[in-house]
Chemist: 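Can you keep this structure in mind? I'll have questions shortly.
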Amino acid sequence: MTSPARTTANSPANKKTNRAGLELPAYRGGKTTLCAGCGHNAISERIIDACFAMGIEPDRVIKLSGIGCSSKSPAYFLGSSHGFNAVHGRMPSVGTGALLANHELVAIGVSGDGDTGAIGIGQFVHLMRRNLPIVYVIEDNGCYGLTKGQFSPTADVGSTLKTGVVNDLPPIDTCALAIQLGATFVARSFSGDKKQLTAVLKAALAHRGTAMIDVLSPCVTFNDHEGSTKSYAYVKSHDDPLGELDFVPFFEDISVDYEPGAVQEVTMHDGSRLYLRKLDEAYDPTDRMHALRVLHETHDRGEFATGLIYVEPAAADFLTTLNLVDEPLASLPESRVRPPKAVLDEIMAGLG
Amino acid sequence: MTSPARTTANSPANKKTNRAGLELPAYRGGKTTLCAGCGHNAISERIIDACFAMGIEPDRVIKLSGIGCSSKSPAYFLGSSHGFNAVHGRMPSVGTGALLANHELVAIGVSGDGDTGAIGIGQFVHLMRRNLPIVYVIEDNGCYGLTKGQFSPTADVGSTLKTGVVNDLPPIDTCALAIQLGATFVARSFSGDKKQLTAVLKAALAHRGTAMIDVLSPCVTFNDHEGSTKSYAYVKSHDDPLGELDFVPFFEDISVDYEPGAVQEVTMHDGSRLYLRKLDEAYDPTDRMHALRVLHETHDRGEFATGLIYVEPAAADFLTTLNLVDEPLASLPESRVRPPKAVLDEIMAGLG
Amino acid sequence: MAAYDVAVEERPTASSAAPVINDFSIQVATVNGSGSQTANLVLLRAIFQMGVPVSGKNLFPSNIAGLPTWFTIRANKKGYVARKKEIDVLVAMNPETAREDVLGLPAGAAVVYDAPLDLDSLRDDLVFYPVPFDALLAKVSRDVKLRRRVRNMLYDGVLSRLLGVDLDEMEAALRKQFGGKPKVVAINREALDVGCAYAEEHLDKRDPFFIEPMDANRGRILVEGNAAAAIGCMMAGVTVVTWYPITPSSSLCETLIDYLRKYRVDEETGKATFAVVQAEDEIAALGMALGGAWAGARSMTATSGPGVSLMGEFAGLGYYAEVPAVIFDIQRVGPSTGLPTRTAQGDVLSTAFLSHGDTRHPLLFPSSPEECYSMAMDAFDLAERFQTPVFVLSDLDLGMNTWMSAKFGYPSKPLDRGKVLDAEALEKIGRFGRYRDVDGDGIPWRSVPGTPAPAYFCRGSGHNEWGQYSERSDDYEKNVDRLARKFETARDWMPAPEVEIDRRATVGIIAYGTSHWAVVEGRDQLLEEADLQTSYYRLRAYPFRSGLASFVERHEHVYVVEQNRDAQLASLMRLELKAELAGRLRSVLHYAGVPIDARTITDDILIQEGYRAERSVAHGRMPHEAGVGGE
Amino acid sequence: MAAYDVAVEERPTASSAAPVINDFSIQVATVNGSGSQTANLVLLRAIFQMGVPVSGKNLFPSNIAGLPTWFTIRANKKGYVARKKEIDVLVAMNPETAREDVLGLPAGAAVVYDAPLDLDSLRDDLVFYPVPFDALLAKVSRDVKLRRRVRNMLYDGVLSRLLGVDLDEMEAALRKQFGGKPKVVAINREALDVGCAYAEEHLDKRDPFFIEPMDANRGRILVEGNAAAAIGCMMAGVTVVTWYPITPSSSLCETLIDYLRKYRVDEETGKATFAVVQAEDEIAALGMALGGAWAGARSMTATSGPGVSLMGEFAGLGYYAEVPAVIFDIQRVGPSTGLPTRTAQGDVLSTAFLSHGDTRHPLLFPSSPEECYSMAMDAFDLAERFQTPVFVLSDLDLGMNTWMSAKFGYPSKPLDRGKVLDAEALEKIGRFGRYRDVDGDGIPWRSVPGTPAPAYFCRGSGHNEWGQYSERSDDYEKNVDRLARKFETARDWMPAPEVEIDRRATVGIIAYGTSHWAVVEGRDQLLEEADLQTSYYRLRAYPFRSGLASFVERHEHVYVVEQNRDAQLASLMRLELKAELAGRLRSVLHYAGVPIDARTITDDILIQEGYRAERSVAHGRMPHEAGVGGE
Ligand SMILES: Cc1ncc(C[n+]2csc(CCOP(=O)(O)OP(=O)(O)O)c2C)c(N)n1
Ligand SMILES: Cc1ncc(C[n+]2csc(CCOP(=O)(O)OP(=O)(O)O)c2C)c(N)n1
Ligand code: SF4
Ligand code: SF4
Ligand SMILES: [Mg+2]
Ligand SMILES: [Mg+2]
């Protein structure tokens with residue numbers, strides 16, 4: 001993980017300018033319209049921190065997303081960057097096109113576990129395979145927040161909806177999947193772990209290739225069932241559930257801070273627990289099979305390994321293999337994209 | 001691998017009837033319209049053999065496919081079974097629906113590496129995850145045969161099209177992917193390995209759950225480049241390539257027969273080679289991590305591990321978890337699917 | 001009724017205007033996620049239980065919590081249930097929109113508001129009722145958590161007093177909602193009482209609006225269109241349900257799941273007579289439905305515009321390979337993601353022609369919950385009879401809002417499973433050819449996997465009448481000509497229109513789906529305000545019944561009322577009607593995201609008929625449609 | 001020309017009929033994968049080089065090898081290039097279809113056939129020329145492998161002699177094809193000579209068909225529509241190409257890749273000024289194109305019907321978020337997978353209305369390779385000018401068959417990149433609002449990521465003119481009204497029709513795309529056979545130019561000729577024309593998978609105009625359209 005000098009939104013370091021000559025507020029976005037306590041908001045904050053710390057120029061950034069609560073969040077950071085809120089599950093293709101047009105752009109993609117794991121899994125697979133240079137953040141809450149709480153493909157076996165429907169399907173581990181597909185930077189973190197998440201995001205921004213980060217991010221409103229490892233949830237233990245049709249309680253963010261090698265138990269509002277295991281400092285993230293084994297083993301123990309799980313720093317990214325001219329394709333002048341008359345004449349002669 | 005007693009199309013055993021009381025010809029289909037020597041034809045033959053040997057009743061079988069040369073092949077076996085040649089890459093969903101309608105059906109799906117690996121990868125992922133009881137055969141030639149030879153996602157790095165375009169993307173290993181996604185039966189074989197392929201197919205037919213078989217199957221017409229590990233190819237060494245626009249040469253099937261634990265080198269018509277490593281008899285296919293490691297290691301050596309790579313015999317299949325009534329849903333009479341008047345009255349009272 | 005009587009007796013008399021009884025709209029402006037839905041539905045249901053015709057429309061943002069929402073309840077003694085633009089009683093709970101909400105009111109309206117918002121200085125032509133909600137809340141319970149949840153019930157209490165809504169009916173409504181949870185009912189009742197008492201003590205009734213008991217709702221229910229459709233699907237014997245969540249269709253499937261789990265589980269074995277799968281996307285959802293139907297199940301899926309746009313390829317397969325499927329499209333505002341929580345009738349063209357090549361699909365247009373129920377059953381029968389995907393085009397207004405309805409009748413016809421081959425049928429038709437037109441109606445016979453009938457190979461590629469692959473021109477033409485013939489046959493199997501001919505009328509109106517309710521009211525306005533008689537053709541399906549032409553022929557001008565920009569249904573008519581008749585078509589279009597109202601229709605027709613020069617109110621907009629600046 | 005002269009001098013004279021010169025069709029019936037394409041193109045090109053107008057159409061199966069294929073070459077001194085139903089010279093190489101092929105011929109036709117097929121007993125009104133191909137082959141080369149590949153060149157040799165096609169022109173054509181491979185040219189020439197010599201020695205010319213040199217092809221080229229479009233895309237400065245293989249569009253992208261690799265690589269650095277990505281499917285292909293265009297690149301994709309059906313959701317996003325993209329739809333026969341290797345104009349409605357909600361797209365209809373070339377450039381200019389996806393509707397006939405064409409002219413206009421904001425423009429418009437209608441034409445200004453212009457948030461959900469998220473009714477209406485206005489503006493920017501007014505005509509004809517060529521010939525037939533004058537409006541784009549109405553107005557009946565079942569373009573016209581004019585529209589429809597021919601049009605119009613009672617030949621079918629029973 002690069003850049004040990006951390007700067008967060010709350011430290012006094014805020015007032016200073018970064019290497020792009022900007023202050024932290026230059027990285028803020030619109031006011032969030034997500035629920036209070038939603039993990040996605042914390043992630044937006046960390047993206048702001050990381051971009052500020054890395055001195056990214058906002059006018060070189062493009063923010064990309066699909067559809068979902070998570071996919072709304074690019075509106076809430078880097079307000080002066082271009083953004084494209086595409087259609088559900090198809091952000092990877094839009095991002096690919098944009099980077100083809102201009103390989104100098106810094107692409108930050110935000111998706112949800114539904115957006116990526118369900119309708120978008122095909123584009124996800126092919127994005128990983130291509131190693132497109134993009135930071136790809138999955139804001140992973142195990143459910144479809146925006147459509148009111150249905151299971152997503154990362155929901156745990158045994159999770160139960162309010163209606164009593166139980167999920168019988170095994171979750172897709174997006175990290176293991178990405179590694180399997182040849183992704184070159186794979187990490188997992190928790191929305192409430194400021195230190196780790198900022199560090200992971202900074203490393204991702206420094207990586208040339210696809211940097212996939214699965215961020216466990218509680219949905220405080222819908223993922224409220226005992227079985228879930230990704231949930232907050234409300235008033236369950238003692239009260240008679242009031243069952244209001246659309247009451248969304250107010251929650252504070254959960255935050256954690258724990259050491260490498262340690263397991264952190266995160267207690268949710270409903271008493272359910274999430275176990276995070278931070279990879280220890282000796283962990284070697286360049287061994288693919290080892291990374292897969294760690295993911296499988298922690299999963300079998302009911303834990304989530306967090307940190308930079310796998311990285312292959314040297315792999316050529318997609319744009320490099322295309323061998324494009326140095327200038328962005330989008331800004332090539334007519335003289336460089338319309339061949340001269342001699343070329344047309346040559347072709348015509350060949351067909352005549 | 002179950003059923004040691006093998007019966008192939010060419011043995012004298014043909015004349016006898018199987019436990020369904022049928023002779024081998026009852027399992028044949030229409031005349032193939034694929035190229036001579038196409039690996040897909042050999043696979044059809046093996047499906048015929050396996051179904052005959054297992055005594056499958058053809059009128060309980062449904063054949064499902066997407067679009068491609070491979071996806072045409074269900075027309076060439078089990079001619080008296082129902083078939084559904086769906087749209088490109090979407091066979092899994094059609095198969096899922098059919099099995100929901102009638103869980104007594106025996107489903108055999110045939111797809112191509114383009115059909116599954118490109119447009120269809122999303123449905124593939126979710127099929128594996130659901131563990132739908134279906135035999136899912138990928139006829140894997142590393143290219144799009146029917147549209148004339150473009151790269152598929154299983155093409156090798158460095159493969160070259162006739163036009164000189166080179167593939168830079170790593171191949172998707174459908175077996176490793178399937179295991180990663182929780183598939184419960186994963187095998188790989190070669191179209192020309194009668195003994196192994198028939199055995200694998202028989203085991204697959206006996207498995208309750210998704211049985212995914214990646215069958216390397218040469219495209220004699222298009223996959224004709226040095227770099228490919230899945231190719232036949234034509235006249236390359238000594239002749240000046242004649243470059244006819246649509247000349248498709250005639251090839252004989254390649255067949256192999258090798259022992260467990262051995263590596264078989266298959267020489268293609270263009271001199272390129274394919275290395276098959278048959279898993280040895282001591283191999284334990286129930287260890288998931290081990291299976292993944294074997295796939296990675298053989299891949300790194302430029303080999304393909306063949307045989308039953310992974311199996312989890314006890315996992316509940318999708319239809320079982322749905323807890324359906326015993327009779328097929330499709331044949332429930334009106335009296336069992338339209339609730340009585342009392343039910344409607346109760347509902348109306350609740351709303352009144 | 002005791003409480004009500006008391007309220008009436010003690011009715012404050014400060015109001016100068018004549019009382020307006022059972023004919024006004026109440027709008028609650030609040031923030032979503034604040035739990036006001038319960039309070040609103042309790043109010044709605046209480047009025048309903050008092051026998052007063054009522055309807056409720058929720059205008060909510062595409063977000064989960066924290067953004068403005070408006071819930072409008074219209075009580076109308078004549079039974080009008082369309083949206084009405086003017087708000088008579090506003091409950092202003094949302095600081096963010098309160099100003100704009102108040103400024104948009106017509107003079108004379110009443111405003112109940114959270115006292116700290118200080119709204120009474122904004123206008124002097126309204127009646128203001130400040131209520132210190134937080135202070136009142138403290139009286140309800142000491143449990144801070146619980147208390148927060150019943151805050152909205154306080155305004156129900158206030159309104160019960162101001163408008164004369166029976167508190168006991170409110171409690172009954174609460175009981176309906178919270179069935180077995182007496183504690184919950186009790187604390188909510190407490191809040192009602194606190195609100196009511198506050199109004200009694202501190203609020204001087206100065207507005208003219210009153211609810212008085214009537215007897216209009218006997219035998220009626222309150223239900224959302226999506227729930228009605230779900231009941232219809234269950235009664236239609238659906239066995240395979242595949243879906244992908246999307247607003248506003250999710251509640252159809254979710255309600256259906258509830259009903260199926262309750263009523264379609266085998267009592268002895270505890271096993272299900274249905275399968276529901278949440279698919280990975282809409283493509284897979286339709287693929288599964290087609291696979292299920294091909295294998296003999298009654299299969300369905302439900303979605304909205306974006307899902308429809310993804311289903312094109314499979315819809316074409318269903319048409320050409322002739323596989324049944326029922327697809328509910330609960331329309332929302334497009335194009336693209338558009339306004340996911342707003343209503344429209346914008347998918348008529350895209351569904352009718354969904355897919356490339358010469359593809360064409362039957363469409364059903366329910367107008368009411370009753371039709372959501374009955375047309376769900378029709379849809380399955382038609383899909384199986386015609387072996388083709390059938391679209392049911394509902395919309396957000398119908399699907400998600402609460403409507404009065406007659407109780408649904410138990411189906412009188414058995415399921416029509418269409419031409420499925422059994423031994424007897426096979427005998428009759430002789431050699432089985434999957435795509436042979438044996439009966440001259442364009443509908444072939446089909447066999448189903450797993451049955452003893454002969455197999456065939458189902459495919460979206462060219463085939464001859466025997467079901468064999470074919471690239472022959474003659475096979476192709478014969479097949480698509482038969483498909484066209486089949487579509488013609490379908491015409492007179494589709495639900496018939498509801499036609500009301502006024503013999504003196506030179507003006508006709510055609511509408512479908514939810515536009516119907518505004519037309520009902522609009523026709524009365526036309527008659528009252530301009531003495532303009534109109535005939536009415538409520539269209540219920542595409543392909544159109546053959547009688548459409550003669551309706552148009554009877555009238556000089558025919559107004560096609562619809563909720564989209566491009567006059568989509570009128571377009572389909574132009575393609576079928578003789579030019580002379582097509583020339584009589586005019587359009588009334590409303591595409592503001594909110595449901596169409598009668599005034600829009602009345603004004604538009606009066607202008608087009610030359611009675612008036614200008615609209616009385618800006619087209620299709622209402623002041624409070626403030627929207628939000630969120631994402 | 002020496003060889004030709006010799007051939008003419010020695011022309012056999014057994015034929016009793018008058019010679020038919022430069023006006024007949026040759027059909028080669030063979031099996032695909034047998035390499036006959038080379039022989040057919042050499043024959044075609046030789047005739048072309050002799051200055052005789054010629055066209056070639058390949059009817060091939062959806063499979064790779066082993067199924068029947070028919071290649072038809074039409075030589076016509078008047079320049080007619082439409083399909084002609086009657087075959088005058090058949091080369092019967094395919095045992096499977098030979099019988100049916102021969103039985104379908106008109107009396108007097110010539111049949112060159114593989115001797116062992118024994119076809120001459122089938123009919124006695126034809127001229128049969130048996131050729132022992134395998135025996136002849138032995139004379140060409142001893143190398144069995146090589147030999148097999150030139151087998152088809154033998155029939156070229158035979159035909160050269162029988163029809164008088166210059167052998168040297170054939171060799172020149174060979175050289176064109178096999179450029180740097182003299183050995184290949186030599187062995188093929190050998191085969192030509194063997195075939196020619198055999199004919200000279202053993203075949204007695206008894207048919208009347210001759211090719212004689214003309215001078216009609218000066219300055220002309222031979223090219224497929226897809227190659228022409230590829231050249232157009234390259235000259236349009238395309239920078240991002242995303243695609244997914246599908247017949248019949250693949251060759252457009254593949255040819256484009258070849259050209260780009262040859263002509264658009266920076267000479268100094270060896271680096272590409274373009275990016276091509278084979279996407280994982282059509283959804284991704286369009287998503288990438290839109291992403292590329294949003295970020296400022298000229299982006300395109302190409303597909304056919306099934307791909308279009310998958311692109312619905314993204315197409316709607318492009319329309320509503322106003323992102324350019326060029327989409328080539330090389331139409332094949334639908335619905336569904338349909339007949340993938342047959343031609344149609346069946347995607348007009350599905351592309352015009354592609355996506356839910358009130359979505360609408362501009363369409364371009366090239367008729368010729370020249371227009372594939374020029375409209376490719378138009379498409380990029382229009383897509384960027386109007387910030388919207390533009391569809392180019394070509395078809396398999398145009399895209400994959402070989403057409404004569406004038407040489408393409410070098411573009412005279414610079415690229416039109418539309419309203420892209422730079423510092424100067426920003427100054428002019430004042431505050432940037434992404435969706436503000438600054439200029440009154442409905443077209444807003446856009447900024448591009450990575451440039452100094454202000455950023456905006458691009459979205460398919462509701463937005464106001466400042467690009468902010470909005471669910472407000474007024475913002476929504478304003479926005480979609482502007483989109484409609486933009487579409488209106490586009491009308492007169494679209495390629496203008498080609499109109500030929502005959503002042504005496506009461507009958508008008510409208511056609512588009514490849515139907516044009518049959519109309520040209522059909523109009524001559526109408527004049528010759530029935531003295532029926534017609535005017536002609538060759539439509540080139542949707543939305544229609546405003547002049548369409550006045551064309552219709554001039555005529556009593558207007559026939560819209562198209563290659564689909566449902567009269568799709570006529571439908572679009574009915575939606576726009578006043579009813580009185582719409583009533584004049586009639587349709588001539590051809591949907592047999594093979595290209596439309598003049599006879600179909602002539603007969604149909606004569607019947608509809610009351611000149612005739614019956615068609616002279618069964619509608620749209622030709623005897624040899626045997627198709628195949630394969631899969
Ligand atoms: C094609 C399509 N189908 C369905 C939807 C409805 N939809 C909106 S968001 C969403 C799921 C979001 O889940 P996730 O990506 O996990 O995001 P979250 O809200 O949980 O952050 C769905 C199904 C849609 N917008 N488009
Ligand atoms: C939606 C759609 N896109 C593209 C095609 C064209 N197409 C037909 S087959 C095929 C690829 C087949 O490749 P594969 O599945 O590997 O089968 P193979 O022919 O190699 O056996 C493609 C792209 C199609 N039929 N439908
Ligand atoms: S519903 Fe869940 S995911 Fe969506 S904003 Fe609220 S807490 Fe976040
Ligand atoms: S093209 Fe290739 S995959 Fe297709 S039939 Fe021929 S050999 Fe088989
Ligand atoms: Mg989620
Ligand atoms: Mg393949």
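Every chain is numbered from 1, with letters handed out A, B, ... down the list of sequences. Atom set for the values below is all heavy atoms of this structure, side chains included, hydrogens, waters and symmetry mates excluded.
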Chemist: Within the side chain of Arg264(D), is there an N or O that forms a donor-acceptor pair under 3.5 Å with the backbone of Val337(A)?
Modeler: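 Checking the backbone N and O of Val337(A) against the side chain of Arg264(D), a donor-acceptor pair under 3.5 Å is found.
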Chemist: Can you name the nearest heavy-atom pair linking Ala101(A) to Ala295(D), along with the distance?
Modeler: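 Looking at all heavy atoms of both residues, the shortest contact is CB-CB, 3.7 Å.
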Chemist: Do you know which of Asn217(D), Ile283(D), Asp281(D) has the most heavy-atom pairs under 4.5 Å to chain A?
Modeler: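 Between Asn217(D), Ile283(D), Asp281(D), the count favours Ile283(D).
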Chemist: Measure across Ile62(A) and Pro449(D) and return the closest heavy-atom pair with its distance rounded to 0.1 Å.
Modeler: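 Smallest heavy-atom distance, with atoms named: CG2-CB, 3.7 Å.
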Chemist: Would you find a donor on one side and an acceptor on the other, under 3.5 Å apart, between the side chain of Arg338(A) and the backbone of Met235(D)?
Modeler: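 It does hold such a pair.
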Chemist: Pick one of side chain, backbone, both or neither for Arg417(D), based on which atoms fall under 4.5 Å of a heavy atom in chain A.
Modeler: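 Arg417(D) touches chain A through side-chain heavy atoms alone.
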Chemist: Which one, Ala279(D), Pro414(D), Ala285(D), Cys458(D), leads in non-hydrogen pairs under 4.5 Å with chain A?
Modeler: Cys458(D)
Chemist: Out of curiosity, Phe457(D) CZ to Ser81(A) OG, how far, rounded to the nearest 0.5 Å?
Modeler: 10.0 Å
Chemist: Under a 4.5 Å heavy-atom cut-off, does chain A meet the side chain of Val448(D), its backbone, both or neither?
Modeler: backbone
Chemist: Would a 4.5 Å heavy-atom cut-off, applied to side chains only, mark Leu64(A) and Trp294(D) as touching?
Modeler: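 In short, these two side chains touch, coming nearer than 4.5 Å.
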Chemist: For Leu329(A), which atoms come within 4.5 Å of any heavy atom of chain D: side chain, backbone, both, or neither?
Modeler: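 Leu329(A) touches chain D through backbone and side-chain heavy atoms alike.
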Chemist: Between Val265(D) and chain A, with a heavy-atom cut-off of 4.5 Å, which part of the residue counts as in contact: side chain, backbone, both or neither?
Modeler: neither
Chemist: Could you pull out the closest heavy-atom pair between Leu415(D) and Glu334(A), with the gap in Å?
Modeler: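 Answer, listing the atom of Leu415(D) first, then Glu334(A): N-OE1, 2.9 Å.
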Chemist: Could you tell me whether Arg130(A) and Glu280(D) make a salt bridge, using a distance below 4.0 angstrom between a side-chain N and a carboxylate O?
Modeler: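 Yes, charged N to carboxylate O under 4.0 Å.
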Chemist: Quick one: what part of Pro454(D) sits under 4.5 Å from any heavy atom of chain A, side chain, backbone, both or neither?
Modeler: backbone
Chemist: Among Gly287(D), Ala227(D), Pro452(D), Ala321(D), which residue has the highest count of heavy-atom pairs closer than 4.5 Å to chain A?
Modeler: Gly287(D)
Chemist: To check you understand the geometry: which heavy-atom pair defines the closest contact between Ala297(D) and Ala330(A), and what is its length?
Modeler: N-CB, 3.8 Å
Chemist: If every non-hydrogen atom of Ser80(A) is compared with every non-hydrogen atom of Ala455(D), which pair is closest and at what distance?
Modeler: O-CB, 3.4 Å
Chemist: What part of Ala289(D) gets closer than 4.5 Å to chain A, counting heavy atoms only: side chain, backbone, both or neither?
Modeler: neither
Chemist: Hey, which of Val61(A), Leu99(A), Asn102(A), Val87(A) has the most heavy atom pairs under 4.5 Å with chain D?
Modeler: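 Max contact count across the listed options: Val87(A).
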Chemist: Any heavy-atom pair between the side chains of Met288(D) and Val94(A) that's under 4.5 Å?
Modeler: no
Chemist: Any side-chain heavy atom of Val323(D) sitting closer than 4.5 Å to one from Phe84(A)?
Modeler: yes
Chemist: Contact part of Ser299(D) toward chain A, heavy-atom cut-off under 4.5 Å: side chain, backbone, both or neither?
Modeler: neither
Chemist: Do you know which of Arg298(D), Arg220(D), Met234(D) has the most heavy-atom pairs under 4.5 Å to chain A?
Modeler: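 Maximum pair count with chain A is reached by Met234(D).
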Chemist: Quick check: do Leu351(A) and Ile231(D) have side-chain heavy atoms less than 4.5 Å from each other?
Modeler: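 Sidechains of Ile231(D) and Leu351(A): in contact.
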Chemist: So which of Ala293(D), Gly237(D), Ala272(D) has the biggest tally of heavy-atom pairs under 4.5 Å with chain A?
Modeler: Ala272(D)
Chemist: Can a donor-acceptor pair be found, under 3.5 Å and without considering hydrogens, that links the side chain of Lys407(D) to the backbone of Asp345(A)?
Modeler: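 Pair absent, no side-chain N/O of Lys407(D) close to backbone of Asp345(A).
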Chemist: I'd like to know if Asp266(D) pairs up with Arg336(A) as an ion pair, taking the criterion as any Lys NZ or Arg NE/NH1/NH2 lying under 4.0 Å from an Asp or Glu carboxylate oxygen.
Modeler: yes
Chemist: So for Pro328(A), is it side chain, backbone, both, or neither that comes closer than 4.5 Å to the heavy atoms of chain D?
Modeler: neither
Chemist: Asn323(A) side chain to Gly270(D) main-chain N or O, any donor-acceptor pair under 3.5 Å?
Modeler: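 Here the side-chain-to-backbone pair exists.
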Chemist: Would you give the length of the straight line joining atom OG1 of Thr273(D) to atom CG of Leu324(A), rounded to the nearest 0.5 angstrom?
Modeler: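 Answer for the OG1-CG pair, Thr273(D) versus Leu324(A), is 9.5 Å.
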Chemist: I would like to know whether Asn85(A) and Tyr469(D) meet side chain to side chain contact (heavy atoms under 4.5 Å, CB included); could you show each step before the answer?
Modeler: CA-CA 11 Å; Asn85(A) 193 184; Tyr469(D) 182 84; over 6 Å; no
Chemist: Most heavy-atom pairs under 4.5 angstrom with chain D, which of Ser331(A), Gly97(A), Ala349(A)?
Modeler: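 Sorted descending by pairs with chain D, the first entry is Gly97(A).
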Chemist: Taking side chain as everything from C-beta outward and backbone as N, CA, C, O, which of these in Ser447(D) sits under 4.5 Å from a heavy atom of chain A? Side chain, backbone, both or neither.
Modeler: both
Chemist: For residues 310-319 of chain D, give me every residue with a non-hydrogen atom less than 4.5 Å from any non-hydrogen atom of chain A.
Modeler: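 Checking residues 310-319 of chain D against chain A gives Glu313(D), Phe314(D), Leu317(D).
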Chemist: For the candidates Asp326(A), Ile347(A), Leu322(A), Leu319(A), which exhibits the highest count of non-hydrogen atom pairs separated by less than 4.5 Å from chain D?
Modeler: Ile347(A)
Chemist: Please determine, among Gly460(D), Gly409(D), Gly219(D), Pro411(D), the option with the most heavy-atom pairs under 4.5 Å with chain A.
Modeler: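 Most heavy-atom pairs under 4.5 Å with chain A: Pro411(D).
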Chemist: Can you tell which part of Leu222(D) gets under 4.5 Å to a heavy atom of chain A, answering side chain, backbone, both or neither?
Modeler: both
Chemist: Tell me, for Tyr320(D) versus chain A, whether the close heavy atoms (under 4.5 Å) come from the side chain, the backbone, both or neither.
Modeler: neither
Chemist: Go through the structure and list residues passing ring pair (Phe, Tyr, Trp, His ring centres under 6.0 Å) with Tyr259(D), not counting sequence neighbours.
Modeler: none
Chemist: Between CZ of Arg459(D) and OG of Ser71(A), what distance do you get to the nearest 0.5 Å?
Modeler: 12.5 Å
Chemist: To the closest 0.5 Å, what do you measure between NE2 (His82(A)) and OG1 (Thr451(D))?
Modeler: 5.5 Å
Chemist: Under 4.5 Å heavy-atom distance to chain D, tell me which part of Leu344(A) shows up: side chain, backbone, both or neither.
Modeler: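 Interface part for Leu344(A): side chain.
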Chemist: State whether Lys262(D) and Glu346(A) are salt-bridged, where the test is any N-O pair (Lys NZ or Arg NE/NH1/NH2 against Asp/Glu carboxylate O) under 4.0 Å.
Modeler: yes
